[in-house]
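One structure below.
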Amino acid sequence: METKNLTLNDIKLPKSWETTPNKNEYMDFVFQEAVEMGVWRKHNEIDILTHHHATDAARFFWPTADNEGLILGGELMVWFFAFDDLFDGGFIDDENEQYILVNRMNKVLMEGMLESNSTGIEIMCYHFRNKVKEICGEKRISTFLRFISTCVQWVDSIIPFNKLKNNQKSLELDLFLYHRKYNIGIIPCFVISEIILDPNSKIDPFIWSDARWIKMYEIICEIIAIINDCVSYEKEIKENGAILNSIKFVQIQKNYNLEEAFEYLSNYSNQLIKQYNELSTSFIKSYKTNDINLNSILISIVNHMQGISTASLKWSIQCPRYLSQTQIFVELRRDTNIITKICNLKEKNNSFN
């Protein structure tokens with residue numbers, strides 16, 4: 001691939017959305033859990049690297065969480081990556097078998113039941129499902145039910161989304177983003193954030209049914225989906241021709257070159273950011289009260305949601321799987337020796353012994 005000099009800074013994420021990543025001590029604990037449950041193999045190099053890639057995202061996504069919150073986020077990330085990889089990684093090709101897996105996972109989520117031959121991934125799901133239920137208790141059962149609903153929504157999105165890829169046809173951007181905002185796996189993270197940032201359930205749950213809030217998190221999901229396509233473009237081109245990458249099909253649909261396609265997507269993203277800011281201002285204003293503490297909690301949850309977009313970008317530009325000497329985005333371009341040093345440093349900091 002010809003090296004370009006594009007910059008992700010053209011997606012104008014506000015400076016006020018930036019956050020500082022959390023500590024990473026939780027990652028070893030979650031690894032041991034996942035090994036005991038049968039998700040990972042203790043000494044398998046691929047499993048160790050996959051675990052680091054998955055759980056590292058939690059410290060970016062929940063920068064102010066305590067260790068218990070980070071463990072919960074890490075467990076969710078293990079489940080996301082391990083379950084999705086069964087389909088996206090081509091381990092289960094038969095469609096009937098795929099639907100059996102989806103139905104089994106939904107049974108774990110909705111009924112809280114495990115089969116006698118449960119997989120490690122199902123056991124992990126059962127574990128964090130019950131943990132969230134216990135944290136929520138009777139006082140915020142509606143929060144628990146919304147969390148389960150968003151997880152089921154994600155599980156149900158996997159096969160249809162992969163069918164778009166298998167169709168081998170270029171998509172319109174709006175059709176792609178409509179599917180991708182549910183498939184990207186971010187919406188359950190927003191509910192976890194409510195639990196972490198409002199542990200005493202000060203905010204009335206009815207607020208989260210506001211159409212503005214729903215539109216706000218859908219916009220953030222679309223922005224993250226576009227960021228993900230940007231950072232993974234080179235990797236996907238090498239692996240499968242980037243069949244389901246928005247940069248690629250914008251080039252095809254609009255007869256654009258690479259630079260024009262990215263300019264189109266960055267402009268589209270910037271319009272989404274503008275729309276989000278208008279909605280968030282209106283949303284916060286509508287629920288402002290005389291209780292300063294309550295206002296502060298609401299603002300922190302809104303700030304956290306928008307912060308996940310910058311967190312996703314920060315996580316991506318230090319993730320070895322996206323770095324190379326020939327990256328089209330300057331933020332992802334690294335010398336091979338530097339990439340090796342990053343990998344070695346991550347292994348040193350997270351031995352998972």
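The aromatic ring centres of Trp17 and Tyr276 sit less than 6.0 Å apart. In this structure, the ring of Phe262 has its center no less than 6.0 angstrom from the ring center of Tyr233.
In this structure, NZ in Lys235 is found 11.5 Å from CD in Gln327, a value given to the nearest 0.5 Å. One finds the NE2 atom of His304 at 8.0 Å from the SG atom of Cys189 (value rounded to the nearest 0.5 Å). Expressed to the nearest 0.5 Å, how far OG1 of Thr7 lies from CD1 of Ile328 amounts to 11.5 Å. Separating the CG atom in Asp156 from the CG atom in Asn183 is a distance of 11.5 Å, to the nearest 0.5 Å. A distance of 6.5 Å separates CG of Leu13 from CG of Leu313, quoted to the nearest 0.5 Å. With rounding to the nearest 0.5 angstrom, the OG1 atom of Thr326 is 11.5 Å from the CD1 atom of Ile237.
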Start with the C-alpha distance between Gln318 and Asp56, add both sets of side-chain angles, then the distance that settles side-chain hydrogen bond (donor to acceptor under 3.5 Å, both in side chains), and finish with yes or no. CA-CA 10 Å; Gln318 56 85 58; Asp56 190 45; 3.2 Å; yes

side-chain contact (heavy atoms from CB on, under 4.5 Å) for Arg104 and Ile100? Distances and angles first, verdict last. CA-CA 6 Å; Arg104 281 171 59 111; Ile100 289 172; 3.9 Å; yes

Derivation and outcome, side-chain contact (heavy atoms from CB on, under 4.5 Å), residues Phe147 and Ile192: CA-CA 7 Å; Phe147 174 69; Ile192 291 295; 3.6 Å; yes

Checking side-chain contact (heavy atoms from CB on, under 4.5 Å) for the pair Ser157/His179: CA distance, chi angles, key distance, verdict? CA-CA 8 Å; Ser157 77; His179 288 276; over 6 Å; no

Go through Ile148 and Lys133 one step at a time and tell me if the side-chain contact (heavy atoms from CB on, under 4.5 Å) criterion holds. CA-CA 9 Å; Ile148 296 303; Lys133 184 177 183 180; over 6 Å; no

How far apart are the C-alpha atoms of Glu194 and Arg140, what are their side-chain angles, what is the distance that settles it, and do they pass the salt bridge (Lys or Arg N to Asp or Glu O under 4.0 Å) test? CA-CA 11 Å; Glu194 293 171 32; Arg140 58 195 311 181; 5.2 Å; no

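Distance alone, capped at 3.5 Å, places no donor-acceptor pair between the Arg41 side chain and the Asp47 backbone. Between the side chain of Glu260 and the backbone N or O of Asn257 there is at least one donor-acceptor pair closer than 3.5 Å. Between the Glu331 side chain and the Leu8 main chain, a donor and an acceptor come within less than 3.5 Å of each other. A distance-only check finds a donor-acceptor pair linking the side chain of Asn103 to the backbone of Tyr99 [under 3.5 Å]. A donor-acceptor distance shorter than 3.5 angstrom exists from the side chain of Asp198 to the backbone of Ile203, with no hydrogens or angles considered. With Arg59 contributing its side chain and Pro21 its backbone, the two residues share no donor-acceptor pair below 3.5 Å. Remark: side-chain polar atoms of Asn200 are not paired, donor with acceptor, to backbone N or O of Lys202 under 3.5 angstrom. Proximity of a side-chain donor or acceptor of Asp229 to a complementary backbone N or O of Ile247 within less than 3.5 Å is not detected. With hydrogens and angles disregarded, a donor-acceptor distance shorter than 3.5 Å links the side chain of Asn22 to the backbone of Ala65. A donor-acceptor pair under 3.5 Å is absent between the side-chain atoms of Lys23 and the main chain of Asn67, judged by distance alone.
Smallest separation of non-hydrogen atoms from Thr310 and Thr19: OG1-N, 4.2 Å. The two atoms that bring Leu173 and Phe249 nearest to each other are CA-CE1, 4.0 Å, heavy atoms only. In terms of heavy atoms, Thr55 sits closest to Gly74 at CG2-O, 3.7 Å. For Ile297 against Ser300, the heavy-atom pair with the smallest separation is O-OG, 2.6 Å. Pairing each heavy atom of Pro14 with each of Asn277, the nearest pair is CG-ND2, 4.4 Å. Ala58 approaches Leu70 most closely through the heavy-atom pair O-CD2, 3.8 Å.
In this structure, a donor-acceptor pair under 3.5 Å is absent between the side chains of Ser280 and Gln306. Side-chain polar atoms of Tyr182 and Glu218 form a donor-acceptor pair below 3.5 angstrom. Donor-acceptor pairing under 3.5 Å is recorded for the side chains of Arg212 and Ser286.
Taking the charged nitrogens against the carboxylate oxygens, Glu122 and Lys107 have no contact shorter than 4.0 Å, which rules out a salt bridge. With respect to the salt-bridge test (charged N to carboxylate O, under 4.0 angstrom), the residues Lys131 and Glu75 qualify.
Within the 4.5 Å cutoff, the side chain of Phe161 has heavy atoms near those of the Phe176 side chain. Proximity of Leu86 to Ile121: side-chain heavy atoms (C-beta onward) are separated by under 4.5 Å at one or more points. The shortest distance between side-chain heavy atoms of Gln98 and Ile158 does not fall below 4.5 Å. Side-chain contact between Ile187 and Trp154: absent, with no pair of heavy atoms (C-beta onward) separated by less than 4.5 Å. Contact annotation: the side chain of Pro188 never approaches that of Gln153 to less than 4.5 Å [non-hydrogen atoms, C-beta and beyond]. The closest side-chain heavy-atom distance from Lys274 to Asn270 is not below 4.5 Å. Between Phe283 and Ile207, the closest side-chain pair of non-hydrogen atoms falls below 4.5 Å. Within the 4.5 Å cutoff, the side chain of Phe190 has heavy atoms near those of the Cys221 side chain.
Shown are His43, His51, His52; of these, the ring-ring contact (aromatic ring centres under 6.0 Å, His included) with Phe31 is made only by His51.
Grouping the Ile, Leu, Val, Met, Phe, Trp and Tyr side chains by contacts below 4.5 angstrom, directly or via other members, places Met113 apart from Tyr126. Both Ile92 and Val155 are assigned to one and the same hydrophobic cluster, defined by single-linkage of ILVMFWY side chains at heavy-atom distances under 4.5 Å. Clustering ILVMFWY residues whenever any of their side-chain heavy atoms sit less than 4.5 angstrom apart, transitively, puts Leu258 in a cluster other than the one holding Val330. Follow the hydrophobic side-chain contacts under 4.5 Å out from Ile292 and you never reach Leu197; the two are in separate clusters. No continuous path of ILVMFWY side-chain contacts below 4.5 Å connects Met27 to Ile46, so the two sit in separate hydrophobic clusters.
Ring geometry for Phe87 against Phe83 counts as perpendicular: the plane angle is over 60°, on a 0 to 90° scale with 30° as the lower cut. Relative orientation of the Trp315 and Tyr322 rings is perpendicular, given thresholds of 30° and 60° on the angle between their planes. The aromatic rings of Trp213 and Trp208 sit tilted, their planes meeting at an angle between 30° and 60°. Between Trp79 and Phe128, the two ring planes are perpendicular [angle over 60°; tilted spans 30° to 60°].
More than 12 heavy atoms of other residues, nucleotides or ligands shown are found within 6.0 angstrom of CG on Asp204. Heavy-atom contacts from other residues, nucleotides or ligands closer than 6.0 Å to NZ of Lys314 number more than 12. A 6.0 Å sphere centred on OH of Tyr268 holds more than 12 heavy atoms belonging to other residues, nucleotides or ligands.
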